[in-house]
Amino acid sequence: MGPWPLDPRGPLAESIGVVYWILFACAVVVLAIVVGALTYSGIKFRDRPGRVAQQIHGSNTLEVVWTVVPTLMVISFTVLSWNRLNFINDVNSNVAMTVKVEGRQWAWAFTYPDQPMFKLPDGTLLQSGEQLDIPVGQKIKLELTAKDVIHSFWVPNLGGKKDAVPGHTTTMWIQADQPGTYKGQCFEFCGDGHADMLITVVAHPQSEYAAWAKTAVEEQVRLTSPETKAGHDAFLAGPCSGCHTVKGTTAAGKVGPELTHIASKPNIAGVLSPVNQENLTKWIHNAPSFKPGILMPKFDGVLPDQQIDQIVQWLLTLK
Ligand code: CUA
């Protein structure tokens with residue numbers, strides 16, 4: 001099932017779901033009793049010729065029943081909700097990590113905690129937009145704020161919903177019980193792009209989380225490094241752009257395959273897999289050795305090795 005709050009995938013959503021179902025069941029019972037009694041009376045005591053209604057006044061038993069039963073129900077709901085709210089609002093006990101969340105028109109930014117695994121060489125912390133990666137089975141505290149207007153963080157399967165308010169920090173927690181991808185959405189109307197202000201939470205098995213963080217840090221470093229910038233410039237200035245198109249750049253060659261999302265492809269030209277630093281480097285150095293007859297010439301000795309390395313760094317950012 002899609003993102004649906006009554007399909008809980010974590011303790012928070014489950015806890016809210018249980019309250020929902022209890023209230024729903026009670027409401028159905030009350031509805032059945034009221035509508036049943038109404039229907040029964042309407043038929044049994046309907047107006048017929050020659051019949052005069054019997055005048056009754058006050059039945060102690062009935063009065064007590066319909067005062068006491070609803071009172072007990074309301075008290076039970078209050079206690080139940082109170083009890084769950086304590087669990088839902090407990091953002092501080094057993095927290096595995098705290099992620100800072102910022103909403104702005106119209107995107108989310110997640111800043112990972114101040115821990116060595118999320119540190120970039122320049123001392124800043126790993127950040128991501130739209131997608132939040134968490135380890136499975138651990139309680140993740142979120143500290144929310146907003147840059148411009150009020151937004152609201154909601155991932156239905158994981159439960160809870162919290163406003164992100166400018167100039168103010170609100171807190172909530174999430175936890176996923178199984179690995180997977182959980183979709184969410186900004187839930188406070190925040191302008192033109194509100195509908196596109198999506199959230200994706202990816203829960204990784206705990207054993208794989210450190211590896212994910214390492215790759216994410218490497219990717220972020222790559223995106224901002226001078227090497228990558230040099231690679232971008234070399235690609236556009238050199239022979240590459242004569243044959244290849246990369247959308248969003250001036251490279252518009254039609255001879256070779258388009259490389260706009262090369263880093264997300266399963267392989268290079270169908271023969272080298274996966275698309276990583278090592279294989280891209282080998283490929284550019286000598287493509288014909290992997291695919292004889294190919295139009296792409298070998299660049300070994302044609303372009304300086306350093307420049308090929310830089311181009312590879314840039315290609316790896318094309319996701
Ligand atoms: Cu942000 Cu709606």
Side-chain angles (χ1 to χ4, degrees), residues 1-91 103 144 149-165 170-178 180-199 201:
M1 203 181 278
W4 172 239
L6 296 177
D7 178 23
R9 299 301 173 91
L12 184 56
E14 212 166 271
S15 159
I16 296 169
V18 166
V19 177
Y20 174 87
W21 285 118
I22 292 175
L23 294 190
F24 184 75
C26 292
V28 168
V29 170
V30 169
L31 182 78
I33 292 173
V34 171
V35 173
L38 197 65
T39 312
Y40 172 79
S41 309
I43 295 168
K44 171 124 202 235
F45 303 113
R46 69 186 183 280
D47 185 28
R48 272 168 292 186
R51 279 189 62 166
V52 178
Q54 188 194 344
Q55 299 302 313
I56 52 161
H57 179 77
S59 154
N60 281 342
T61 317
L62 280 177
E63 297 272 353
V64 168
V65 167
W66 67 49
T67 306
V68 170
V69 171
T71 306
L72 286 179
M73 283 175 75
V74 171
I75 291 173
S76 323
F77 295 158
T78 308
V79 171
L80 181 71
S81 306
W82 185 267
N83 176 280
R84 295 287 153 162
L85 274 176
N86 279 337
F87 177 70
I88 292 163
N89 290 335
D90 175 18
V91 294
L144 303 114
V149 299
I150 298 176
H151 303 273
S152 182
F153 185 95
W154 191 40
V155 180
N157 297 118
L158 302 182
K161 185 195 291 163
K162 204 73 170 196
D163 280 1
V165 184
T170 51
T171 51
M172 67 179 288
W173 63 276
I174 53 171
Q175 178 173 329
D177 285 338
Q178 301 135 26
T181 301
Y182 305 95
K183 293 284 187 184
Q185 156 85 57
C186 174
F187 212 74
E188 184 75 45
F189 181 67
C190 54
D192 290 353
H194 164 68
D196 296 319
M197 204 170 155
L198 306 174
I199 303 160
V201 174

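Since the structure is predicted, the reported quantities are computational estimates derived from the model, not experimental observations. Values below: every heavy atom of this structure, side chains too, minus hydrogens, waters and symmetry copies.
A distance-only check finds a donor-acceptor pair linking the side chain of Arg46 to the backbone of Ile43 [under 3.5 Å]. One N or O on the side chain of Asn157 and one on the backbone of Asp7 form a donor-acceptor pair closer than 3.5 Å. Counting only distance, with no hydrogens or angles, the side chain of Thr170 and the backbone of Asp163 share a donor-acceptor pair below 3.5 Å.
Here the closest non-hydrogen pair linking Trp154 and Pro156 is O-CD, 3.7 Å. Nearest heavy atoms, Cys190 versus Met197: SG-SD, 3.8 Å. The two atoms that bring Ser15 and Arg84 nearest to each other are OG-CD, 3.2 Å, heavy atoms only. Nearest heavy-atom pair, Gly160 versus Met172, reported as atom, atom and distance to 0.1 Å: C-CE, 4.0 Å. Pro11 approaches Phe87 most closely through the heavy-atom pair O-CE2, 3.7 Å. When all heavy atoms are compared, the tightest approach of Gly17 to Leu6 is CA-CD2, 4.3 Å.
With rounding to the nearest 0.5 Å, the separation of CZ in Phe187 from NE2 in His194 is 7.5 Å. Lys161 contributes atom NZ, which lies 11.0 Å from atom CD of Gln185 (distance to the nearest 0.5 angstrom). A distance of 5.0 Å separates CG in Leu12 from CH2 in Trp173, rounded to the nearest 0.5 Å. For the atom pair Leu80 CG and Thr78 OG1, the distance stands at 9.5 Å (nearest 0.5 Å). Here the straight-line distance linking atom OG1 of Thr61 with atom CH2 of Trp66 works out to 10.0 Å at 0.5 Å rounding. To the nearest 0.5 Å, atom CD1 of residue Ile33 and atom CG of residue Leu38 are 13.5 Å apart.
Shown here is Asn60, whose CG atom has no more than 12 heavy atoms of other residues, nucleotides or ligands within 6.0 Å.
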- prompt: Going through the checks in order, is the side chain to side chain contact (heavy atoms under 4.5 Å, CB included) test met by Ile88 and Ile16?
  reply: CA-CA 8 Å; Ile88 292 163; Ile16 296 169; 3.6 Å; yes
- prompt: Where do Val155 and Ile174 land on the side chain to side chain contact (heavy atoms under 4.5 Å, CB included) test, with the steps shown first?
  reply: CA-CA 9 Å; Val155 180; Ile174 53 171; 5.8 Å; no
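Under the rule for a side chain to side chain donor-acceptor pair (under 3.5 Å), the partners of Asp90 that lie at least two apart in sequence or sit in another chain are Ser93.
Using the six-membered ring where Trp is involved, Tyr20 and Phe24 have ring planes that are parallel, under 30° apart on the 30 and 60° scheme.
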